[in-house]
Enquirer: 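Take a look at the following structure, please.
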Amino acid sequence: MSTTHPALVRDRDGLAAALAAQDAATLPRPESDTGRRRYRRAVVMTMGALHEGHLALVEHARSLAEVVVVTIFVNPLQFGPTEDLARYPRDLERDLRLLSGPGLLRPQDVVFAPTVDVVYPDGDPTVRVTAGRVGDVLEGASRPGHLDGVLTVVLKLMHLTQPDVAVFGQKDAQQVVAVRRMVEDLDVPVVVAVHPTVREPDGLARSSRNAYLTADERERALGLSAALSAGRRAADGGQGADEVVAAARAVLDERLSDDDAVDYVALVDAGTFAPADARTDEALLLLAARVGSTRLIDNAPLTLRTGLAGAGRGSDATGRTTGGAA
Ligand SMILES: Nc1ncnc2c1ncn2[C@@H]1O[C@H](COP(=O)(O)OP(=O)(O)OP(=O)(O)O)[C@@H](O)[C@H]1O
Ligand SMILES: CC(C)(CO)[C@@H](O)C(=O)[O-]
Ligand code: BAL
């Protein structure tokens, strides 16, 4: 392996030693040292097959913290029995090469790429984290148990890598909501930071699964970002939630073929993830579709001008009380 690669650790002892070295290198400095970043250690969790989206998360982590840990682990627990666990792209050499690019990992930063038996030494864990009602809708409804599997490994990786801040991508919007909820509900002492979705120049959200797409499928996949733009235009034009969803769905119907299938088009309150209604102003338009055999997701924030924010109270998809006067 080339010496320009960042430090790679593959087991728990190696990780503990690397974290101890990071801690020694980041002992508190005098208050007068104004060059200090806000956090000591940031973690970026990935499943590898890295792309510009992941690298943007790493850059962001680096701007937030003195040292960074990137994890690369394809977590079997979050894949359903008919999903793509076996064919999910894995290329550690390539990932390490990308992470050694300029402005990314520094000598004291670490890549933790454990095998399944390192993360789950006793096999599938008996005790797991449940996403509760966040895990029942949208991604959770389409991929039963997916968000439980995500949260279980995220909590384990937080324990193992001991970050002060963990950086996630907005592309997986529901994952962000679930992780934030877990951190709050289980008093996990980690700050959750979110980076906006990074796109290809033509609008396609970067995703490791884009590698599965044929040229024709990739063209049809542009329907997702086009649908989000149509939804945003409808909102900008003063349309309500139903019209925004209809505008997005019409574009998907037009751009996808009989070989594809729309999974969901949903508009939720950006703050609570509850379905958007007349009280919603800041909303998130969420899409999932299968293009050929590849399932893709995307989302975009938008502002509903029909929103009557503050009216009434309710309970959101995450269990928090919403709306109305405090
Ligand atoms: N285009 C993107 N922009 C910003 N963040 C991203 C993007 N793609 C992935 N991420 C974030 O990177 C982290 C690791 O994601 P992951 O390794 O699953 O990549 P992915 O491209 O989403 O893969 P997949 O194709 O399996 O969905 C997650 O926090 C995810 O939200
Ligand atoms: C957060 C994560 C690394 C957990 O396996 C995964 O869900 C992902 O890559 O988004
Ligand atoms: N980025 C989400 C990981 C998954 O689809 O399993």
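In listed order, ligands and their atoms are each counted from 1. The model shown is predicted, which means the values in this text are computed figures rather than measured ones.
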Enquirer: Please state which part of Glu52 comes within less than 4.0 Å of ligand 1, counting heavy atoms only: side chain, backbone, both or neither.
Expert: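 Within the 4.0 Å criterion, Glu52 makes no contact with ligand 1.
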Enquirer: For atom 4 (C) of ligand 2, which protein heavy atom lies nearest, and how many Å away is it?
Expert: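 Protein heavy atom at minimum distance: Gln78 OE1, 3.4 Å.
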Enquirer: Mind checking whether Lys171 and Pro196 have side chains closer than 4.5 Å, heavy atoms only?
Expert: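 Side-chain contact under 4.5 Å: no.
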Enquirer: Report yes if Phe168 has an N/O atom closer than 3.5 Å to an N/O atom of ligand 1; otherwise report no.
Expert: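 Checking ligand 1 against Phe168, no N or O pair falls under 3.5 Å apart.
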Enquirer: Which heavy atom of the protein is the closest neighbour of atom 9 (O) of ligand 2, given with residue, atom name and distance?
Expert: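 For this ligand atom, the closest protein heavy atom is Met47 CG, 3.3 Å.
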Enquirer: Between Arg295, Lys171, Gln78, Met45, flag the one that comes closest to atom 6 (O) of ligand 3 by a heavy atom.
Expert: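 The option holding the nearest heavy atom is Gln78.
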Enquirer: Show me which atoms of ligand 1 lie under 4.0 Å from any heavy atom of Thr46.
Expert: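 That gives atoms 14 (C), 17 (O) of ligand 1.
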Enquirer: Strictly by modelled atom types, are Thr214 and Asp216 linked by a side-chain donor-acceptor pair under 3.5 Å?
Expert: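 There is no such pair between these side chains.
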Enquirer: Would you please say whether a donor-acceptor pair under 3.5 Å links the side chains of Thr303 and Glu282?
Expert: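 Side-chain D/A pair, Thr303 to Glu282: present.
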Enquirer: Any ion pair linking Arg279 and Asp269 (charged N to carboxylate O, less than 4.0 Å)?
Expert: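 No, Asp269 and Arg279 are not salt-bridged.
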Enquirer: Could you check whether any side-chain heavy atom of Leu105 comes within less than 4.5 Å of a side-chain heavy atom of Val68, counting everything from C-beta outward?
Expert: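 Yes, their side chains come closer than 4.5 Å.
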Enquirer: Is it true that Met45 lies under 4.0 Å from ligand 1, counting heavy atoms only?
Expert: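 Contact check Met45 vs ligand 1: positive.
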Enquirer: Applying the side-chain contact (heavy atoms from CB on, under 4.5 Å) test to Leu256, which of Leu252, Asp258, Asp259, Asp253 qualifies?
Expert: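 Going through the options one by one, the only one that passes is Leu252.
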Enquirer: State whether the side chain of Arg209 and the backbone N or O of Pro89 hold a donor-acceptor pair below 3.5 Å, judged by distance alone.
Expert: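 The answer is no, because no donor-acceptor pair under 3.5 Å joins these two groups.
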Enquirer: Under 4.0 Å from any heavy atom of Met47, which atoms of ligand 3 are there?
Expert: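 Atoms satisfying the 4.0 Å criterion: 3 (C), 4 (C), 6 (O).
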Enquirer: Does some side-chain heavy atom of Gln78 sit less than 4.5 Å from a side-chain heavy atom of Leu151?
Expert: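 Contact flag for Leu151/Gln78 side chains = no.
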Enquirer: Identify the protein heavy atom lying closest to atom 23 (O) of ligand 1, giving its residue, its atom name and the separation to 0.1 Å.
Expert: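 Checking every protein heavy atom, the shortest distance to atom 23 (O) of ligand 1 gives Tyr88 OH, 3.1 Å.
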Enquirer: Is there side-chain contact between Arg290 and Thr294, with at least one heavy-atom pair below 4.5 Å?
Expert: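 No, too far: nothing below the 4.5 Å cut-off.
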Enquirer: Which atoms of ligand 1 have any heavy atom of Arg206 under 4.0 Å away?
Expert: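 Contacts of ligand 1 toward Arg206, numbered from 1: 1 (N), 2 (C), 7 (C), 8 (N).
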Enquirer: What I want to know is whether Thr197 and ligand 1 share at least one N or O pair that is separated by under 3.5 angstrom.
Expert: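 Such a contact does not occur with ligand 1.
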Enquirer: Could you tell me which atoms of ligand 1, counted from 1 in the order shown, lie closer than 4.0 angstrom to a heavy atom of Ser208?
Expert: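 Numbered from 1, ligand 1 contributes 19 (O), 20 (P), 21 (O), 23 (O), 25 (O).
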Enquirer: Walk me through it: do Asp148 and Arg143 pass the test salt bridge (charged side-chain N to carboxylate O under 4.0 Å, His left out)?
Expert: CA-CA 10 Å; Asp148 295 355; Arg143 304 182 65 187; over 6 Å; no
Enquirer: At a non-hydrogen distance cut-off of under 4.0 Å, which region of Pro196 contacts ligand 1 (side chain, backbone, both, or neither)?
Expert: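 The backbone, only.
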Enquirer: Verify salt bridge (charged side-chain N to carboxylate O under 4.0 Å, His left out) between Arg62 and Glu59, making sure each step is shown before the conclusion.
Expert: CA-CA 5 Å; Arg62 184 181 153 146; Glu59 268 185 73; over 6 Å; no
Enquirer: Using a 4.5 Å cut-off on heavy atoms from C-beta on, say whether the side chain of Gln174 contacts that of Leu147.
Expert: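 Heavy-atom side-chain distance check passes, below 4.5 Å.
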Enquirer: For the residue pair Ser142 and Arg295, establish whether any side-chain heavy-atom pair is separated by less than 4.5 Å.
Expert: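 With C-beta onward as the side chain, the pair touches.
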Enquirer: Counting heavy atoms only, which of Ala166, Ala56, Gly169 comes nearest to atom 6 (C) of ligand 1?
Expert: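 Selected option, by shortest heavy-atom distance: Gly169.
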Enquirer: Taking the non-hydrogen atoms of Arg199, is any one of them nearer than 4.0 angstrom to ligand 1?
Expert: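 The answer is no: ligand 1 sits nowhere under 4.0 Å from a heavy atom of Arg199.
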Enquirer: Look at atom 9 (C) of ligand 1 and say which protein heavy atom is nearest, naming residue and atom and giving the distance to 0.1 Å.
Expert: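 Its nearest protein heavy-atom neighbour is Lys171 CE, 3.6 Å.
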Enquirer: Quick one: does ligand 1 sit under 4.0 Å from the side chain of Leu57, the backbone, both or neither, non-hydrogen atoms only?
Expert: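 The answer is the side chain of Leu57.
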Enquirer: What protein heavy atom lies closest to atom 1 (N) of ligand 3? Include the residue and the distance to one decimal.
Expert: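 For atom 1 (N) of ligand 3, the nearest protein heavy atom comes out as Asp172 OD1, 3.0 Å.
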Enquirer: Can you find an N or O of His51 that's nearer than 3.5 Å to an N or O of ligand 1?
Expert: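 For ligand 1, there is an N or O atom that lies under 3.5 Å from one belonging to His51.
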Enquirer: Starting from atom 3 (N) of ligand 1, find the nearest protein heavy-atom neighbour and note its residue, name and distance.
Expert: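 Among all protein heavy atoms, the one nearest atom 3 (N) of ligand 1 is Val198 N, 2.8 Å.
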Enquirer: Is there a side-chain contact between Asp23 and Arg41 (heavy atoms, below 4.5 Å)?
Expert: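 They are in side-chain contact.
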Enquirer: Of all the atoms in ligand 2, which lie at a distance below 4.0 Å from a heavy atom belonging to Val153?
Expert: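 In order of number, 4 (C), 5 (O).
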Enquirer: Can you tell me the protein heavy atom closest to atom 10 (O) of ligand 2 and the distance?
Expert: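 Answer for atom 10 (O) of ligand 2: Gln175 NE2, 2.8 Å.
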Enquirer: Heavy-atom distance under 4.5 Å between the side chains of Leu157 and Phe112, does that happen here?
Expert: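 In contact.
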Enquirer: Could you tell me whether some N/O pair between Ser207 and ligand 1 is separated by less than 3.5 angstrom?
Expert: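 Among all N and O atoms of Ser207, at least one is under 3.5 Å from an N or O of ligand 1.
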Enquirer: To the nearest 0.5 angstrom, please state how far the OG1 atom of Thr115 sits from the CG atom of Asp11.
Expert: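 If we round to the nearest 0.5 Å, Thr115:OG1 and Asp11:CG are 8.5 Å apart.
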Enquirer: What protein heavy atom sits nearest atom 30 (C) of ligand 1, and how far away is it?
Expert: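 The closest one turns out to be Asp172 OD2, 3.1 Å.
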Enquirer: Would Tyr88 and Glu83 count as having a side-chain donor-acceptor pair, cut-off 3.5 Å?
Expert: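 Not at all, the side chains of Tyr88 and Glu83 share no donor-acceptor pair under 3.5 Å.
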Enquirer: Between His54, Arg209, Met47, which one has a non-hydrogen atom sitting closest to atom 19 (O) of ligand 1?
Expert: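 The option holding the nearest heavy atom is His54.
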Enquirer: Side chain, backbone, both or neither: which part of Thr46 has a heavy atom under 4.0 Å from ligand 2?
Expert: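 Just the backbone.
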Enquirer: Can you list the atoms of ligand 2 that are under 4.0 Å from a heavy atom of Met45?
Expert: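 Close to Met45: 3 (C).
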Enquirer: Which is it for Glu83 and ligand 3 at heavy atoms under 4.0 Å: side chain, backbone, both or neither?
Expert: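 No part of Glu83 comes within reach of ligand 3.
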Enquirer: Return a yes/no value for Gln175: is any of its N or O atoms, backbone included, closer than 3.5 angstrom to an N or O of ligand 3?
Expert: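 Gln175 vs ligand 3: no N/O contact under 3.5 Å.
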